[in-house]
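Below you'll find the structure, written out as structure tokens, and then a few comments.
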Amino acid sequence: MNTTPSRTTTPSTTTPPAGTNDPAEGSSDAVTEEATAQDYLVKDSATDSPAKDTTGTPSDTADPGTAPDDLAGQSADEDDDALEPDPFDEARHGVGAGAAAVVSAALGVVALTGAWTGRVAAERETLIGQIQTSGGGSAAQQISEIYGDAWHTTALVNGVFAVLALLVGVFVLVRPAFGAPSERPQPTWVRAVALAGVALGVLGVLISAGMYFDLFVSLPTAGAPAGG
């Protein structure tokens, strides 16, 4: 039996020579320098790269190549909207001229058929004639005062309506030639109605003039009294 005590071997620690660095310390310095370089590269690339949102996806940025196309599309849409007529403008266009044309035609009809004003004026002249001849007068004087004056008054009133119809119709027809030029021409129906008013006005003036001057029919004459 071996009675010699066993020896325990202790690991020897070697001291590095003077002027040399510890390997562990040198490796930590290298790791630190490498991490600093990586941080610098990450910051540099972050400043050059597009901005990213919080989810890590790049933010939507306008593509410079598609910007002119978008502007061209918007300008084309605006041009289409400008060229498309506004229904409200179309409805308002020609309202005044149309109303004047209708008034002209209505005045022409009144000039041909007669108005209540002409009838009232004729009855007034008849009453005046009866008053003037109530004290006595010849038959010719009674015809002239009672019937002739009423007839001429009716023709005069109808002639006034005819002249008004003629003037209003002519104004509607010649209005586009004066003042500020319009972008759209006068509606066809306005010109047609105004022309009808002018035609009725001319016809009413001619008929009224014939009635007033007894060109169509003359006043009745009293017969000579029979000899006794």
Side-chain angles (χ1 to χ4, degrees), residues 88-182 184-228:
F88 295 100
D89 291 340
E90 290 291 335
R92 290 193 298 267
H93 177 62
V95 172
V102 173
V103 169
S104 174
L107 290 174
V109 172
V110 171
L112 294 178
T113 59
W116 67 270
T117 53
R119 184 172 61 254
V120 170
E123 292 176 355
R124 179 178 182 277
E125 291 296 330
T126 300
L127 180 59
I128 293 175
Q130 291 175 353
I131 294 174
Q132 290 179 352
T133 58
S134 61
S138 62
Q141 184 180 3
Q142 291 180 357
I143 292 173
S144 176
E145 294 292 337
I146 297 175
Y147 177 77
D149 290 348
W151 176 264
H152 294 160
T153 301
T154 302
L156 182 62
V157 173
N158 292 342
V160 171
F161 279 99
V163 171
L164 290 176
L166 180 61
L167 293 177
V168 174
V170 171
F171 172 78
V172 173
L173 292 176
V174 302
R175 174 63 181 83
F178 300 94
S182 178
R184 293 181 295 272
Q186 195 177 56
T188 305
W189 69 271
V190 173
R191 295 195 300 270
V193 176
L195 187 60
V198 171
L200 292 175
V202 172
L203 187 59
V205 168
L206 294 177
I207 293 176
S208 299
M211 291 174 59
Y212 189 82
F213 294 105
D214 300 329
L215 298 179
F216 302 131
V217 289
S218 59
L219 293 176
T221 57

Pair up each side-chain donor or acceptor in residues 118-125 with any protein partner under 3.5 Å, not counting sequence neighbours, and list the distances.
none

Donor-acceptor contacts, no H, no angles, side chain residues 95-110, under 3.5 Å, sequence neighbours left out:
unit_1, atom_1, unit_2, atom_2, d
Ser104, OG, Ala165, O, 2.7
Ser104, OG, Gly169, N, 3.3

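Residues Leu112 and Leu200 share a closest heavy-atom pair of CD1-CD2, 3.7 Å. Among all heavy-atom pairs drawn from Gly129 and Thr133, the shortest one is O-OG1, 2.8 Å. Among all heavy-atom pairs drawn from Gly210 and Phe216, the shortest one is CA-CE1, 3.5 Å.
Sequence neighbours left out, the pairs with a member in residues 206-220 that pass side chain to side chain donor-acceptor pair (under 3.5 Å) are His152-Asp214. Counting only residues at least two apart or on different chains, no side chain to side chain donor-acceptor pair (under 3.5 Å) pair has a member in residues 153-165.
In this structure, CG in Leu127 is found 10.0 Å from CD in Gln132, a value given to the nearest 0.5 Å.
Not counting sequence neighbours, the partners of Leu167 by the side-chain contact (heavy atoms from CB on, under 4.5 Å) test are Val163. The side-chain contact (heavy atoms from CB on, under 4.5 Å) check on Leu173 picks up Arg191, Ala194, Leu195, Val198, with sequence neighbours excluded. A search for side-chain contact (heavy atoms from CB on, under 4.5 Å) contacts involving Thr126 returns Gln130, Ile146, Ala150, not counting sequence neighbours. For Phe171, the side-chain contact (heavy atoms from CB on, under 4.5 Å) test picks out Arg175, with sequence neighbours left out.
Sparse packing is recorded around CZ of Phe213, with 12 or fewer heavy atoms of other residues, nucleotides or ligands lying under 6.0 Å away.
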